[in-house]
Amino acid sequence: MSEPTSSAVPVEVAQRLAGQSGRKYWKSLGELTHDADFSARLTEHVRREFPSQVEILADPVQRRTFLQLMGASLALAGISSCTRQPDEHILPYAKTPEALIPGRPLYFATAMPWASGAIGLLVESHMGRPTKIEGNPDHVASHGATDLFSQASVLDLYDPDRSTTTVRNGRGSTWDELVASLGPDLEAQKLKGGAGLRILSGTLNSPTLAAQLNEVLAMFPKARWVQCEPVNRDNQRLGALMSFAEDVAPRFDLSRAEVIVSLECDLLANGPESVRLARAWADRRRSAAGMNRMYAVESTPTGTGSLADHRLALAPSGIDRIARAIAQAVGVDVGAAGGAQLGGEEQSFVAALVKDLKAQAGKSLVVAGEPLSPQVHALVNAINVKLGNVGKTLHFAEPAAPVSVEQLASLKRLSEEMARREVEILVILEANPVYDAPADCEFVAAMQQVPLRVHFGTREDETGVLCHWHVPASHFLETWSDARAFDGSLSIVQPLIAPLYATKSAHEFVSLLAGKPGASGYDTLREAWKARMGAPADFEARWQRALHDGFLADSAVRTREVSLKKFDAGAASVTPTGELELALRPDPSLHDGRFANNGWLQEVPKPVSKLTWDNALYLSPQTAADLDVESGDVVEVTHAGRKLKVAVWVQPGQARGSATLHMGFGRTHAGKLGNGPGFNAFALRNSAMPWGGPATIARSGETYKLACAQEHHDMDAMGFERDLVRESTPAAFARGEYGAPHLHAKPAESAAGAGHGEKPGHAEGALITQYPAYKYEGYAWGMVIDLSTCVGCNACVVACQAENNIPIVGKEQVARGRELHWIRIDRYFTGAAHNPRVVFQPIVCMQCENAPCEVVCPVGATVHGPEGLNDMVYNRCIGTKYCSNNCPYKVRRFNFLLYSDFTTPSLKLQRNPDVSVRSRGVMEKCTYCVQRISQARIDAKREDRAIRDGDVVTACQQVCPAQAITFGDINDKNSVVHRQKALPHNYGLLTELNTAPRTTYLSRVSNPNADIPQVAGS
Amino acid sequence: MSANLPPSPAGRTPVIGPGHDVGSIIDKISSIVLTRDIARGWFLLLSITGMGVLMLGTSIAWLLIRGVGIWGINEPVAWGFDIINFVWWIGIGHAGTLISAILLLLRQEWRTSINRFSEAMTLFAVMCAGMYPALHVGRPWLAFWLFPLPNTMSMWPQFRSPLLWDVFAVSTYATVSALFWYVGLIPDFATLRDKAQNKVGKVIFGMAAMGWRGATRHWDRYEVAYLLLAGLATPLVVSVHTVVSFDFAVSVIPGWHATIMPPYFVAGAVYSGFAMVLTLMLPVRAAYRLHDFITLRHIENMGKIMLATGLIVAYGYTMELFFGWYSGTLAEGFMVKNRVMGAAATAYAALIFCNIITPQLLWFKKVRVNLWLMFVISIIVNIGMWLERYVIVVTCLERDFLPSAWGDFHPTVWDWSMFIGSICFFVFMMLLFIRFIPMIPIFEMRALIPKSQAGARAGQAGSSSTSTPH
Amino acid sequence: MSQIFHKSFNTLSKASVVLGGLLAASAIAWLLGANRAPYISLINVPREQPVPFSHKHHVGGLGIDCRYCHTSVEESAQASIPSTKTCMTCHSQVWTNAAMLEPVRQSYQNDQSIPWLKVHDLPDFAYFNHSIHIAKGVGCQTCHGQVDEMPLMMRKNTLNMEWCLTCHRAPEKFLRPREEVFNMNWTLPKGQTQEQLGAELVEQYHVQKLTNCSTCHR
């Protein structure tokens, strides 16, 4: 279909790729193909992508006036010049709340509800303002870490675009009016037994709310309650019903799995449920000895695939085939049509994989992602049973959600009912079907037929504006509720702050339907729990206990025995030739779009593509070449009879013949930030094949500007990437090879410096200098980042943003290369473009002992502390930017414009009071969370003791699900970080520059299967 | 034009055309200043550049309102046009001091007719240059922290930073050049005072002349002061651009971190300086018929100096490439590769053409005495020297150590408006200068008369500028 | 030809040289003074408060301990201004209908804060922590002055960075025994110089001379 025209960059790419093999890191196709005029064209292309003359005023985040701007800047300029400080007032409490010490934060346990299971949180509260989310160390789903969604959720609380009042037909109203006006309608329904009443909600995982709804259904027997959200477990559910004839959900125990096979499933880096999995998986990776092995087969590169020891990039139908092949090989009866023919590479891959699985029978695990068909889920269940894994590496139990239904089907039914005018009252509970219902449901048209529509949600979204009533919902940090974790453990959702606006909790709203408008969420919850516990005498004590812990001890749902039933595995799915396979997937940053107005999540670069503020149609380099399109070209996708114009992103690692589009973008009523960016995948979605299927793509000739945080460049044979990202394998360890050979002189390390000094043979000889090395007495702070376990989930990036008051800059500024994230997760590709391995390397400030930035600052705004910290003094900085130029790691970030929002009141509430809010013209960078160090030091000194290992935990370290980041005093011989720095595969970046970085890395150790020829290891 | 003047006995073209006596010189030069009517061309140019100055003002205002983000700079390229222009202008400034100070000490009396002109040029160039460091900082209202002023924070500047050395180097340079220029002007102000027709002129020039009466005592003091200042200025010619080059040489960035920087920056400075003198002087010479005072010999000499400094610069480039290989570090090697055939290739090629290939024409006397060619070459060299700074500042930052942190620099309208604006400001000031101040030192020219008439060899009459005219 | 300038201009011009120098010098001197003058630093300027609370009366007169109101001073960065409830513990009994206490009663009844004017106001980028200074034996009076003699609260020190550094560079000159921190009238024990005592305390309390930037600026 495509003739290789001269302008078709990808064509040449493809040609070059054919010959690609061996090890070499590259960041983009341009670079892989070493082609000067290719690069020229690419640069030209980039220039077209990012026109330099763009008017900065158009920046979405820039909505400040001149006066405010100057005022703010001058405020920071502060007392040094002849300015008298403006008078400030102190507003003490009239009556101080108990346990509150002004100036010290309090921590409360709560939980973030989530379809696949809530995650327990500890929320930091300053004088009643929740400012930072941490994981609840005692909670089964958290172990003290969180995912990036929970991290960012605190920003949603303060989102200026949240709806603040009840709205009736677009005009402001009140709760009482709603109660008054809804009463008669509900009465009318009572007479009909609620035949005309429908309630639509997302997946509920609050037992109390479920109970309330059942109560409502008891009042309206003929009414129906529909649960549906775009990302659900329908296929898993159907698969379970096929294989076990009962609705059970798997519960994985990665700590016991020696071999893990992940089929189209971002096991380790997707949403709250991945937090505990990543932890368990990483624990098994750390020791080079008993390391597990992971295989991933996926269509689009994910964190899990990147970390897998072996990755196969296949279109969904290919994954289907692989699953069937594995099933056959382990002796599952796949029926007559159930088999599958494999290509050469696939065959050898499967052969080796199966050998491994059989060898580790009972200690292995095969996981199927939701997008795979019910049949595949059933097959995978069967595989696990056959391998005897059930009861060991995975268990089955009833799903976390109290009420489990087939969601999309029931949504379809609802819209049919509505279209037939059978529905008189539609109540929508925190769902947004107008935006995210599959297009073929024609939900909007159907909904218009309903005479009374009531929407309850945190913002007046696409659905809200089309309803007669919109009732503002409280954020989960404002509400009393409960939720079930993945294993069913009851977690308490505890409010950190009274509702900021006239909002109601779901419980309060449903009470209205149950005819008890007045009922408070707290009472409802408490009563429900009392009832559940059987009203014990010591209820109060146990309640308090649960509040304190954040969950009810051993309330997990019992796992149950399952027996494999015979089922028809159907036939392997095939794609018509000449068509691509479209894969619709939840977005790694926005999930299903509920976070669309969250600036932190919009701006965080997507794990592999590094795109920000947009989604795009991922195509493999070859596919792009076939179609003669390149990144930024707009194409028209046709799928299931629907068309959508989307910008293309050429993504190495994307399976050939597949095209991935992430959900959650292209919203119209999300808010100032969420409206606009990206393309709405739901416009293509079909309830028959919700995760995509055959599609055709046509060039439109238009182009679209995408903002990528790691730009494309022709890198030529740069040569030193191999030394930047070092890799090893257990085998290599045995031979004493701990990473790529050093290409440079060994770095100088101070006495306290970046480790190495322990084991003979790894001591790095110091560079010759005429100056005596500075002796770091006392504390010497240092960090180690383990490349073997970093899954690139971005949780650290957002955590850092929340902890350090880092503003967002907007798409325009990202395109100019001005993002402010203090942590940059560098992404390197290695191997051939059709299936490269991806290495993540988080880059924070290296806190060099000989920091190049310090000597060049003319005003001493960045200076060295006695504990080895590279202090950044914002209020002294005049912004020459010299330090940034002279930083070899380019970790410094500059406020080119006024990025911090000094005007929006609600956003001010989120700020961390222990960190300055930087103004325009000031340099900033990672400080190792110096505010936490100071607090720990002060506490220690007041108790007249030394800071213990673990007293200081940086924000990134605390949030990391895989515990890839270690921080502490490297002078303390017993500290974890000290031991890590002593490891043989500990190394520093660019140490040949004699910077003596305090942040060092552990080589990425992978555990490849010798039977599979591949690139891992040396 | 007047390509074939009668050669002097020395076989050299004299520094003053024939047939001039004291009176004619005074009339000729001072008339430019003292005439009442305004030349149309001059006025036209003034208004055009005046608009440019307004554009500059607007750009600066917007810069102060919005911040340096209006420029194209980013991470990793945190310095862009601001520093490029700073270095470029400072370089241009060098010719003035070199001509007036060093050539004075070397007794090169041919300098006399062009020294004031180039000194003025120096001043205005330094003004343009000085503007950038002040404005390129993120919070200009705090730029005074760069000076070691006592304050309530008991904080001093960080004296290890090359930027701070810049502050001192440039401010010293500006002060000395200004003094040097003014002291040289005093006797002429006196002349103008005496020749001025109206009261206002008398008073203004009178004040400027500081009561100069041409008494022997005055001349004596004057000579001493002038020589001292020359001695003071001479090391500055070398020091200023050396210090400026430290901004780069002291850093760790591949392409900046090189010991060759100081000498080759100084040479480059002089190179561009002379180019700019020619660019400005040739039109002025034609416009005001100064052929007799700015003779071909001047132009040819300047051509020679350009050739010499151009070759030093060429040596510098070669060394950069050599270091890239010789250092043996991948980063340095890649820097060279990137320059020669990587993303920076275009700029680099243009730079080589402008700064190395073109000036080779200056080997030929035919070229050196061809005014049009000289004019074109001088402009090409100016462009080339700007490109040199672009290559050094921008392309090195675009590609440094971590590939993942690479970025591209795209100038915005504001980058250009400030650059062009500063050029306009420069020309604007020059126009005012040639109109209101004698652009050629009258008294020194007078001192040359006897020799030029006797056709004496230049070298012997070394004390020319030191003999009092009576 | 006629003289343009009168004779006097000679003297004038000479004088102008001297005058110019003087002018520049005095300008700098003025700037330095201004930054430390009460107008900028607010030293010794009693500040009007919504309620004319007198430390002189409560501390000096009644001898109430600092910590009775500034409760968090020992464990938090902030000494904290007492809640209205604290005032009412006494003033629900005494001066129950004094007019000047009306705002206090109002605040208590309507649960509205009293907007006290901040007297010791550091810029937002300077992070001072009371608790650690107390723990290391820095007396309240050392920074806040003779509070027990102030009818209305006022600054006694500039709170300039240079002032902070006087102590951070030489703590021994200012320290006192921990138990004396809240004593407004503490004096050196007989026969002991501040230097001796200070040196001992520095030893005993492990006082460091923290002058690196991140101690106060983040």
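Letters A, B, ... are given to chains in the order of the sequence lines, protein chains preceding strands, and every chain is numbered from 1. Below, each value reflects all heavy atoms present in this structure, side chains not excepted, and no hydrogens, waters or symmetry copies.
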Contacts of type salt bridge (charged side-chain N to carboxylate O under 4.0 Å, His left out), residue R892(A), not counting sequence neighbours: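 Per chain and number, R892(A) pairs via salt bridge (charged side-chain N to carboxylate O under 4.0 Å, His left out) with no residue.
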Taking all non-hydrogen atoms of both residues into account, name the closest pair between [X] and [Y] and its distance.
X       : Y       : answer
S251(B) : N886(A) : CB-OD1, 2.9 Å
I65(B)  : R920(A) : O-NH1, 3.2 Å
K890(A) : A405(B) : CB-CB, 3.7 Å
S404(B) : Q710(A) : O-CG, 3.6 Å
G69(B)  : L897(A) : CA-CD2, 3.6 Å

Within the 4.5 Å heavy-atom criterion, are [X] and [Y] side-chain neighbours or not?
X       : Y       : value
L990(A) : L402(B) : yes
K881(A) : H136(B) : yes
F894(A) : N74(B)  : no
P403(B) : L724(A) : yes
L163(B) : V856(A) : no
V859(A) : P157(B) : no

Side chain / backbone / both / neither for I83(B) at chain A, heavy atoms under 4.5 Å: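 For I83(B), no heavy atom lies under 4.5 Å from chain A.
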Portion of D247(B) that has a non-hydrogen atom of chain A nearer than 4.5 angstrom: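 D247(B) touches chain A through backbone and side-chain heavy atoms alike.
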Of all pairs that satisfy ring pair (Phe, Tyr, Trp, His ring centres under 6.0 Å), the ones with a partner from residues 146-166 of chain B, not counting sequence neighbours: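 Checked against ring pair (Phe, Tyr, Trp, His ring centres under 6.0 Å) - neighbours excluded - the pairs reaching residues 146-166 of chain B are W165(B)-F246(B).
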Heavy atoms from other residues, nucleotides or ligands near NE2 of H864(A) exceed 12 (cutoff 6.0 Å):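 Yes, because the 6.0 Å sphere around NE2 of H864(A) holds more than 12 heavy atoms from other groups.
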Within 6.0 Å of OH in Y326(B), more than 12 heavy atoms from elsewhere: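 Count not over threshold, so no.
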Candidate pair R876(A) and M155(B), rule side-chain contact (heavy atoms from CB on, under 4.5 Å), full reasoning: CA-CA 10 Å; R876(A) 178 67 178 173; M155(B) 283 287 292; 3.5 Å; yes
Check for a donor-acceptor pair, side chain of [X] on one end and backbone N or O of [Y] on the other, with a separation under 3.5 Å.
X       : Y       : answer
Q158(B) : E854(A) : yes
W79(B)  : T880(A) : yes
R139(B) : C877(A) : yes

With chain B, which of [options] has the greatest number of heavy-atom pairs at distances under 4.5 Å?
options                   : value
V891(A), N895(A), V855(A) : V855(A)
S884(A), C857(A), G860(A) : C857(A)
P858(A), G879(A), A861(A) : P858(A)
V863(A), N885(A), D826(A) : N885(A)

Side chain, backbone, both or neither of P852(A) within contact of chain B (heavy atoms, under 4.5 Å):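 Looking at P852(A), just its side chain touches chain B.
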side-chain contact (heavy atoms from CB on, under 4.5 Å) assessment of I70(B) paired with F896(A): CA-CA 8 Å; I70(B) 67 169; F896(A) 289 93; over 6 Å; no
CZ-CD1 distance between R816(A) and I73(B), expressed to the nearest 0.5 angstrom: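 Atom-to-atom, R816(A):CZ and I73(B):CD1 are 10.0 Å apart.
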Selection from V77(B), V68(B), D166(B), V137(B) maximising heavy-atom pairs under 4.5 Å formed with chain A: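 Top count of heavy-atom pairs under 4.5 Å with chain A: V137(B).
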Option in T346(B), V252(B), L164(B) with maximal non-hydrogen atom pairs under 4.5 Å from chain A: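 Sorted descending by pairs with chain A, the first entry is V252(B).
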Short side-chain donor-acceptor distance under 3.5 Å, E992(A) and T329(B):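 E992(A) and T329(B) do not have a side-chain donor-acceptor pair below 3.5 Å.
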